[in-house]
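Please read the structure below before turning to the comments.
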Number of protein chains: 2
Amino acid sequence: MQKPKIHTMEELSSAIGVSRPTLSRYFQDPSKVSRTSANRILSGLEKVDYTPNFFATRMNRKTTGMIGVIIPYLNDLFFTRLLESIETAAMRAGYTVITQCSHADPAIEKRAAETFLSMNVDGAIVAPLGNHSDLQVYERLNDRLPFVLMDSRPETLADVDFVGTDHLQSTGAITEYLCRVGAPPVFLAMPRVNFNALEREAAYIKKMDELGFEPRIIGVDPMDSQDHFEGHGLAVLDDMFSRQELLDASFLCANDRVAIGALRAAAKHGLEPGALRRGGLRIAGHDDYPLCPFMTPTLTTVAQDVTAIGQAAVDHLLKKLRGENIDNNQVILLINGVLKLRESA
Amino acid sequence: MQKPKIHTMEELSSAIGVSRPTLSRYFQDPSKVSRTSANRILSGLEKVDYTPNFFATRMNRKTTGMIGVIIPYLNDLFFTRLLESIETAAMRAGYTVITQCSHADPAIEKRAAETFLSMNVDGAIVAPLGNHSDLQVYERLNDRLPFVLMDSRPETLADVDFVGTDHLQSTGAITEYLCRVGAPPVFLAMPRVNFNALEREAAYIKKMDELGFEPRIIGVDPMDSQDHFEGHGLAVLDDMFSRQELLDASFLCANDRVAIGALRAAAKHGLEPGALRRGGLRIAGHDDYPLCPFMTPTLTTVAQDVTAIGQAAVDHLLKKLRGENIDNNQVILLINGVLKLRESA
DNA sequence: AGCAATAATTGACGCATGTAAAAAAACTTT
DNA sequence: AAAGTTTTTTTACATGCGTCAATTATTGCT
């Protein structure tokens, strides 16, 4: 507090009697300076208040040590967990993460990408907005930077690396489980906000075909475009149950947030979904949203391995920015989901 | 894509035939340049690929147009909503928000604060970590920058401005409601991770005293220190119900996430909390977590006005950094909570 | 003590922009 | 068309630090 504020390395240099280039090297990596100088600098820093200017350092370094991350929503625990695992992995590797949230707006997403470019971030990881995103933004980033797409994948981008869940496996696994233990499930879709929505639908249909069941999908048209997920699930099933339809069906919801809305619809109509009530109403989700174990009934789902996805995204990005990708083929890392059997199905 | 990449303003200047200082002024504010030059620059930019270097611009401007925000958790929808409202308010005012999450680690919080200082952000808004934070970090920020503390308030900081919910009012209101409509509530505390935990406890006790009821607080010692909230609520009440205690009590939970755990404990023991069952078990929360309307039963709570808090924090910060705070007295903005009566109490 | 090896300092230049003052050019106005 | 006003260009310097080459100081070793 009372320590005198020092603004430049120059001042610091004359204040503690160590040359500026030495200071510069010290702040980049203390081990690049001799033991004695390091100690002299350390004890000097205790007497004054100085931090190297963030912009000046970053501007001149060839590498900024920053990686940019864009996610579409902040109000979704799936993305925040993903973000957390990325931050942890990046921090461990000595990188700083700059996060931008596109708030589901392609214009903001585009601007965020431009910001990353103008900041010379060392690499970028993006969870795409979905149908509305401008794919050129990803192509542009991919051209200019080590770049990894995450979570949801636009099929048409042939050169962009991707890390995410293997939805064919995950959705397949839960579909298979539901078919095995009870009535074949109806798929309660989510609004098609991203590419996963369609991928999960497709995976469901494929597995149903495989098992010889008739697929059926409801809730494709959002009833309430305001509320993407919980509200959507609630509205669709509330409507259904009010018409006394599908009262004892099995539902596979496109994600857990939709499933939470579905659970609410069931409760509203006095229905008690559950695995134990053979033949009765069942509701399952996808993702393993953190609140699943606390719902009533607890929600059966397939977990996406968020930690693994985040870690893999960072690992792969670092490999790229170190130039370790041997060939230039597109890399697609798909990570398996894990069934979480609970009460609801 | 195919447009030639231009790296410096100098190059751009000779490429489109406009002097560099004019370009500089254009990029800071297009209106500071004549109509004709603006058009010439615009059409020039369509032919090439150029963005001003983020660091170089920021380094030289007296004002960076950035405000720093630190929040303790990302995996909490309360904070993400707060963050969203701050970002919206800041964006509207033309500021860029840099977010850092301290991951409940005082060392990370401190480093984030230092980063903001070294970036010359125009101001900072921080939601404190809680008991473990280093208060000197806030004092330091407050000394060096326009600074506002948000959400939870360390009492000992006499000079730091604050924006948050009036817990005396909000907790008082729900306590009063619970007393009025049924049995006086027991307070199910949350782990004392931040100052709000204690403030709500105190507000509960005060209101109970006022109404002539005996306050009772449970769950102060975290049973499971891993899981702060839902798991805590579940563990405490599960334990309680297993011993056949408090089976028909009213519970006021320190926040909604604890309440969600409490709901789960009730369901696990076959109990159905509800406002309609007079004299029976009731559970209420605090915050209006977005999932409250989707719980079973839907969760009665007091809403914190997140939008108002975020907006007020930004407004006040902008006022400070424009030098509009007339006197230097500490400003404390307290915003009222609003009762959300639902099924659970 | 003397020599080689290692580390630190000095001085100079570069980075991509902001900014200010003076000169030149482009418009307005009468 | 001349005078006056606004805008742009020119020129030069500033920002805070990275980086390099050459020089000097320090260290370890025999």
Side-chain angles (χ1 to χ4, degrees), chain A residues 5-45 48-66 96 114-122, chain B residues 5-45 48-66 96 114-122:
Chain A
K5 174 78 186 162
I6 284 194
H7 287 277
T8 77
M9 238 180 225
E10 201 80 53
E11 285 182 50
L12 183 67
S13 166
S14 59
I16 68 179
V18 176
S19 77
R20 196 179 66 72
T22 305
L23 289 174
S24 171
R25 276 159 52 218
Y26 173 83
F27 284 113
Q28 287 175 67
D29 180 0
S31 76
K32 301 195 76 179
V33 147
S34 74
R35 228 29 326 28
T36 50
S37 319
N39 288 334
R40 196 131 56 105
I41 295 171
L42 255 174
S43 66
L45 284 176
V48 299
D49 181 8
Y50 169 77
T51 336
N53 180 294
F54 186 85
F55 295 116
T57 58
R58 275 2 185 240
M59 184 171 86
N60 290 317
R61 286 212 250 273
K62 47 198 63 160
T63 164
T64 55
M66 306 191 306
T96 303
E114 291 304 324
T115 303
F116 286 161
L117 287 175
S118 79
M119 292 201 311
N120 297 318
V121 295
D122 291 341
Chain B
K5 173 79 188 162
I6 285 194
H7 288 277
T8 76
M9 236 180 228
E10 202 78 52
E11 286 181 49
L12 183 67
S13 165
S14 59
I16 69 180
V18 176
S19 78
R20 196 178 65 71
T22 305
L23 289 174
S24 172
R25 275 160 52 218
Y26 173 84
F27 284 113
Q28 287 176 65
D29 181 0
S31 75
K32 299 197 77 179
V33 148
S34 75
R35 208 103 228 70
T36 49
S37 321
N39 289 333
R40 195 132 55 107
I41 295 170
L42 254 173
S43 67
L45 284 176
V48 299
D49 180 8
Y50 169 78
T51 335
N53 180 294
F54 186 83
F55 296 117
T57 58
R58 267 21 181 227
M59 184 171 86
N60 290 316
R61 285 213 248 275
K62 48 198 61 161
T63 166
T64 55
M66 306 190 307
T96 303
E114 291 304 323
T115 303
F116 287 161
L117 287 175
S118 80
M119 293 200 312
N120 296 320
V121 295
D122 290 341

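All values derive from a computational prediction rather than experimental measurement. Chain identifiers are assigned alphabetically (A, B, ...) following the order of the sequence lines, protein sequences preceding nucleic acid strands; residue numbering begins at 1 within each chain.
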Taking the minimum atom-to-atom distance to the side chain of [X], which one of [options] wins?
X      : options                   : value
T57(A) : dG16(D), dG18(D), dT9(D)  : dG18(D)
M59(A) : dT9(C), dT17(C), dA16(C)  : dA16(C)
K62(B) : dA20(C), dT17(C), dT19(D) : dA20(C)
N60(A) : dC17(D), dA16(C), dC20(D) : dC17(D)
P21(B) : dG18(D), dT11(D), dA16(C) : dT11(D)

Could you tell me whether [X] contacts a base, only the sugar-phosphate backbone, or nothing, with contacts defined as non-hydrogen atoms closer than 4.0 Å?
X      : answer
S37(A) : sugar-phosphate
E10(A) : nothing
Y50(A) : sugar-phosphate
Y26(A) : nothing
S24(A) : base

Between [X] ([atom1]) and [N] ([atom2]), how many Å, whole number?
X       : N       : atom1 : atom2 : result
F27(B)  : dA16(C) : CZ    : P     : 15 Å
R35(A)  : dT6(C)  : CZ    : C1'   : 16 Å
N120(A) : dC17(D) : CG    : P     : 18 Å
L23(A)  : dG18(D) : CG    : P     : 10 Å
R25(B)  : dT17(C) : CZ    : P     : 17 Å
L12(B)  : dT17(C) : CG    : C1'   : 13 Å
E11(A)  : dT15(D) : CD    : P     : 11 Å
K32(B)  : dG18(C) : NZ    : P     : 11 Å

Quick one: is [N] close enough that its OP1 or OP2 comes under 4.0 Å of any side-chain N or O from [X]?
X      : N       : answer
S34(B) : dT7(D)  : no
T8(B)  : dA16(C) : no
Q28(A) : dC17(D) : no
T22(B) : dT9(D)  : yes

Can you check side chain to side chain donor-acceptor pair (under 3.5 Å) on T115(B) and S118(B), steps first, answer last? CA-CA 5 Å; T115(B) 303; S118(B) 80; 5.5 Å; no
Quick one: CE on M66(B) to CZ on R61(B), what's the gap to the nearest 0.5 Å? 10.5 Å
Spacing of I41(A) atom CD1 and R25(A) atom CZ [to the nearest 0.5 Å]: 9.0 Å
Does R58(A) contact dG16(D) through a side-chain donor or acceptor facing the base, at a distance under 3.5 Å? no
Given the structure, check if the side chain of R20(B) and the base of dG18(C) hold any donor-acceptor pair shorter than 3.5 Å. yes
Given DNA chain C, 5'-ward residue of the pair R61(B) and T36(A), judged by closest heavy atom: T36(A)
Scan side-chain atoms only and decide if [X] and [Y] contain a donor-acceptor pair under the 3.5 Å cut-off.
X       : Y      : result
S14(B)  : E10(B) : no
T22(A)  : S19(A) : yes
D122(A) : T63(A) : yes

Residue whose nearest DNA chain D nucleotide is more 5′ - A56(B) or R40(B): R40(B)
